[in-house]
Undergrad: 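Attaching a single structure in structure tokens format; questions to follow.
Just so we're clear, the structure is a prediction, and the values are computed from it rather than from any experiment. The sequence lines fix the lettering, A, B, ..., with proteins before strands; numbering per chain opens at 1. FYI, side chains are in, hydrogens and waters are out, and symmetry mates aren't considered; it's all heavy atoms of this structure.
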Amino acid sequence: MKQIQLKRWLAAAAILILLALLLCALNRLLLPKYRSGNTEGRLTADYYTDVKTRHQVLFLGDCEVYESFTPPTLWEEYGISSYIRGNAQQLVWQSYYLLEDTLRYETPEVVVFNVYALKYGTPQNEAYNRMTLDSMKFSPVKLSAIRASITEEESFASYLFPLLRFHSRWKELTQDDFTYLFDSSPVSHNGYLMKTGVEPMTSSRAGSPLTDYSLPVSSMEYLEKMRLLCLKNGIELILVKSPTNSWGYWWYDEWDAQINDYAAKNGLSYYNFIPEAEKIGLDFTTDTYDAGVHLNVSGAEKLTSYFGKILRENHGLEDLRFDSGLSAVWQEKVVRYQQEKEGLLK
Amino acid sequence: MRFTSLAFLAFAALTVLLYYLFPKAKRWWVLLVADYVFYFFAGKEFLPFILFTTLVTYSFARWMQALTDRESRYLEEHRDSLSKEERKAVRSKYKTHRRWVLVSGAILGFGMLAILKYTGFIVSIFRSSGIPNLILPLGISFYTFQSMGYLIDVSRGKVAAERNFFKTALFVSFFPQLVQGPISRFADLEPQLIEGHPFDSFNLRAGLLRAAYGYFKKMVVADTAMIAVQTLAARSDELTGGYVVLLILLYSVVIYGDFTGGIDIALGIAEMLGIHPAENFNRPFSSRSVKEYWNRWHITMGSWFTDYVFYPLSVSIPMQKLSKWSRAHLGQALGKRIPVYLATIFTWFLTGLWHGAGWNFIVWGLLNCLLLLVSQELKPLWSLWQTKFPKLCASTPWHLWQATRTFLLMGLIRSLDVYRNVPKTFRLWGTIFSTFNWGEIFSGGWLRLGLGIADYAVLAGGILIIFLVSQLGKAETPLRERTAKKPVLTVFLLGAFVCVILIFGTYGIGYNAGDFIYRTF
Amino acid sequence: MEQLLEILENLHPGMNIGENDDLIGSGLLDSLDIVTLITEINSTFDVNIPAEEILPENFCSAKAIYALIQRLDEV
Amino acid sequence: MKRIGIFCLILLFCLAFSVGCKKETTVEKQDYFFSHQSVRVTTDDAAKPLLDALGTPTERIVRPSCLFGNANDVLYVYQGLEIETYTKDGIEYLYNIELVDDTADWKTPEGIGVGDARGAVVKAYGEPDSVSQNGTAVYNGKDMTLNFFYTGDTVTRIAYRKNV
């Protein structure tokens, strides 16, 4: 009797293991790959492919960051190694937790945070949450990031087992889902998503007046948490506002005043690039791909070389091109960057 | 805490675990605590109502039991000194006294249900504005009927009242049955709840299989079809004619998957605890007449209304007087029908009303009653037809035709549930014959209801599986028990169910069909 | 017993109900007849058949019905 | 015995009464509407009728959503009036309706336009539900607000805005 009992338990255990494996495989298969169309969904995942390289500068923020700075240019012109951990509509607490996540691997010397996202005080949109959080490596940091970002309709469990959210994708599986099943090659250039289109900015209309200009308390709290975290790890926090200022995404002067006060009170440098557009050499008829909302690659390169000088002179970031190991790594990235640029511009 | 939520799965698993960890004598305590934890999460503002019903049930049952004890003690002492007449007088005195206690208890029990459920409806008849919508505690229709049935059993002396308040509370609020029944009888359920069951892996496997099958029917079949039903209902003004037939078919699938699925989940969990409440379904769509359908669909509700409303009413004193009068004046044939038909109509009026506070539910009940009475009247015609064509009537195609006819008829009336507006529903039934848009439907209309071809394929697969299981289930011992004997096969089936539900189930963001239709009762 | 047979007789004349002991199964006695039967029995035998006694085993044959009447009568 | 029945009835009614009065119906907030020619709309209504009634705008700006190309917000600029819409499942809905200056003499159905005095607003709409940090009077609708911007005591802008 014992023998049959044992055989039964083994068979049952084998089935359960098989079931677990099948579910993991389905989980990976059904998770969106973000390879064509919205490649922004891969930005968080890209970082883990470059985690071994030393990054002096970590950029954090939403599309105003990952469309405004080009790390390869920063390396070519100034030998400064950087990475952009940005996502579509990345909220301030998500930036904070991505910083905590990065600190599990390395400690950058400088963190640059784009302040536009401070206007959102509450969780906004399920799709953006998923794209930002799903590909974060599993850790307590990820759990707190989920808890802080989850909207009303979302369930926490569907972040732990994404299959619960994307199960109905079995109907929309495409070739991409299979070819990129195990492919984790990066989509971006150290977090920068290249956009070469040109759509001139025609209207200089300002944003409509608001009834209340105070930045949400919850976002300022997370900015403060970010500042303290940088302080604790000996990182210099720099606040920036990208030069783009269109009616749809208007940066109100009252907000700018609050950021200036905050920076002055805590001894942080804050660079608002909007008034310095001419000095940077930006021309919003050629340097933007969506009528002034985001910079295209030529605009981003101009801004990066301008900001590189500030980083070198005001923040003493040394030139690491002497380090042969790092140079080799970066050389490869620069080549890939140039190739993609030529390919797209052809 | 809906059945289809992960929280409920964890809660149920924990309850089963704790149940078998506790010493046998104390196991029913685990159930009681689990009931009230479940009820707390389902809606803490409902707690006072279920406590009220439990208190009424307990106290009035004990009161009636005291009367019965006193009666039997008195008769015992005066066994020889009383003549038959005197004994009968004593018995009827106590009987009327018990009757009054029962009536008071029923007023409180049913009264609370009526106030919460029907005030809004009654007020809406008189004025159209300022209609109070009172909160309807979860499962109030079910636990009220279950406890009032118990009270009636005690007053009839069929059952001895439970002395322990907490055991009565357990009977009233057994959590798997709270949401949508089945409505159990005290005599069947109470002993099983109280006595601690030994752990038996067979029970666990059979229960798991049943619950998994329930989740499959609910989340893969019912909730998928529900998407199309919701579109059809929302745009019912433009989607007429053939779409109404589509709705009838789809809604029959939805209600079957949703209701029998929910019951399977409830009974599956109960079975894991070694408890076997009454069955609520017996392959309902294979019934070949409306009468047979109501012996196979929602059995516990049907038997509740028969035992506690129809029979007492039809043999009540006024009804007997009416029967005598009608038979005397209107002749034997008509005379014997009047009392029974009146009792039937009233019973079905109550059944309809019980389903919901709205004219559509009442009309639904009365239509069912009409069908039953018509088929009762046509019985001689049918028997004539059968004697003429015995071969035909025994053939399967004929049985198939009868089953389809019953299925369509019940589906037709059930669409009142979806449209919820009686005149509109009748108009839409009319359009089935007046508007002929089958061409439009089959050339793409059916794909614009929120379901793609892939979803319809899943639906078809699900319905096929349900059909196969019900065919295999015809044998004596239910299919589930035969499978549960083989542990490896059970684990494999459970794994398969989990996969199928996770992948093909309709749940999560965008699908809010997770609520059981009967949950709102 | 004769009175009972008489009542059964005029319910369904000429169906020799007395001997048949599967009245319910054979469909001879349906719910219509049972209610009429109970009304007649209650008046002629001065008993009161309660609703919970309406069970197949009590009404399957004339003998069973008579046993029910006696049971209710001298209890 | 009758006493018990009556006692229970009384108990039941006082219970019902307690259940009933617990449910005081909160006053239902009403939305504020804007009307032009025969069109009477508020936020979240379909935008097409109003846009057709207003004719071609002097300026049309798109706010591309950060990512999803088709779910853009659009601003239509008219003389003294700005209409902002959002798109959902391919249909445009009203997001904001704003009276920006007195050049075209736009009025709310209650007869208030840019340039009127604070008193006139209070007379037409009553006291505002709240006053924001920069002095804007806010009247709450079901899922929207009607906002009056002031410089001193004269209205400089009237905005029907969807709650975000």
Side-chain angles (χ1 to χ4, degrees), chain A residues 1 3-32 123-131 133-134 146 149-174 177, chain B residues 1-2 4-11 201-202 204-205 208-209 212 215-216 219-220 223-224 226-227 447 450-461 483-514:
Chain A
M1 188 46 196
Q3 219 265 339
I4 300 166
Q5 207 66 15
L6 187 65
K7 207 149 60 63
R8 269 209 192 120
W9 277 108
L10 277 176
I15 289 175
L16 288 180
I17 293 162
L18 201 73
L19 172 68
L21 286 176
L22 180 65
L23 285 179
C24 287
L26 285 172
N27 203 26
R28 178 177 275 275
L29 174 69
L30 291 172
L31 206 62
Q124 291 296 309
N125 174 315
E126 192 253 349
Y128 293 144
N129 279 349
R130 294 295 333 188
M131 286 200 285
L133 301 173
D134 264 340
I146 295 168
S149 324
I150 204 160
T151 54
E152 194 60 41
E153 54 177 4
E154 288 177 275
S155 83
F156 195 84
S158 67
Y159 278 96
L160 301 180
F161 311 105
L163 182 72
L164 295 177
R165 168 66 184 81
F166 296 108
H167 59 92
S168 52
R169 273 199 75 244
W170 67 272
K171 291 177 263 184
E172 309 128 13
L173 286 182
T174 57
D177 288 305
Chain B
M1 192 204 303
R2 298 196 313 272
T4 51
S5 70
L6 289 171
F8 177 78
L9 289 181
F11 167 79
S201 67
F202 175 79
L204 196 66
R205 286 197 304 272
L208 275 173
L209 268 175
Y215 276 110
F216 167 76
M219 292 169 79
V220 176
D223 288 350
T224 309
M226 191 57 174
I227 298 169
L447 289 176
L451 291 180
I453 293 186
D455 303 309
Y456 279 109
V458 165
L459 209 53
T483 338
K485 287 201 180 60
K486 310 186 192 67
V488 178
L489 177 63
T490 314
V491 169
F492 174 74
L493 275 178
L494 287 175
F497 269 129
V498 165
C499 271
V500 166
I501 293 168
L502 279 181
I503 305 299
F504 301 109
T506 306
Y507 60 89
I509 305 265
Y511 312 115
N512 41 35

Undergrad: Could you look at A:E154 and say if it's the side chain, the backbone, both or neither that has a heavy atom under 4.5 Å from chain B?
TA: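 Both the backbone and the side chain of A:E154 come within 4.5 Å of chain B.
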
Undergrad: Are there over 12 heavy-atom neighbours, none belonging to B:F11, within less than 6.0 Å of that residue's CZ?
TA: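 Yes, enclosed.
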
Undergrad: Taking the six-membered ring for Trp, are B:F504 and A:W170 parallel (under 30°), tilted (30 to 60°) or perpendicular (over 60°)?
TA: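 Aromatic pair B:F504/A:W170 classed perpendicular.
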
Undergrad: Given heavy-atom pairs under 4.5 angstrom as the criterion, report whether the side chain, backbone, both or neither of B:L6 touches chain A.
TA: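 It is the side chain, since no backbone atom gets that close.
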
Undergrad: For A:K7, look at atom NZ and say whether over 12 heavy atoms of other residues, nucleotides or ligands are found less than 6.0 Å away.
TA: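 Check fails, neighbour count at 12 or below.
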
Undergrad: So A:L19 and B:V491, do their side chains get closer than 4.5 Å, heavy atoms only?
TA: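 B:V491 does not reach A:L19 side chain to side chain.
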
Undergrad: Let me know if A:L22 has heavy atoms under 4.5 Å from chain B in its side chain, its backbone, both or neither.
TA: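 Just its side chain gets close to chain B.
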
Undergrad: If you count heavy atoms of other groups shown closer than 6.0 angstrom to CD1 of B:I453, is the number above 12?
TA: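 It does not: B:I453 CD1 has 12 such atoms or fewer within range.
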
Undergrad: Any idea which of A:L16, A:L164, A:L18, A:L23 has the most non-hydrogen atom pairs under 4.5 angstrom with chain B?
TA: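 It is A:L164.
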
Undergrad: Heavy-atom pairs under 4.5 Å with chain A: which of B:T490, B:D455, B:V458, B:L489 has the most?
TA: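 With the most close heavy-atom pairs to chain A, the winner is B:D455.
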
Undergrad: For the atom pair CG (B:L502) and CG (A:L163), what is the distance rounded to the nearest 0.5 Å?
TA: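 Reported to 0.5 Å precision, the distance equals 5.5 Å.
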
Undergrad: Atom CG in B:L451, atom NZ in A:K171: separation rounded to 0.5 Å?
TA: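 That separation rounds to 7.5 Å.
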
Undergrad: Between B:L494 and A:I15, is the side-chain contact (heavy atoms from CB on, under 4.5 Å) condition met? List the steps.
TA: CA-CA 10 Å; B:L494 287 175; A:I15 289 175; over 6 Å; no

Undergrad: Do other residues, nucleotides or ligands put more than 12 heavy atoms under 6.0 Å from B:F8 CZ?
TA: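 Yes - once you tally the heavy atoms of other residues, nucleotides and ligands closer than 6.0 Å, there are more than 12.
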
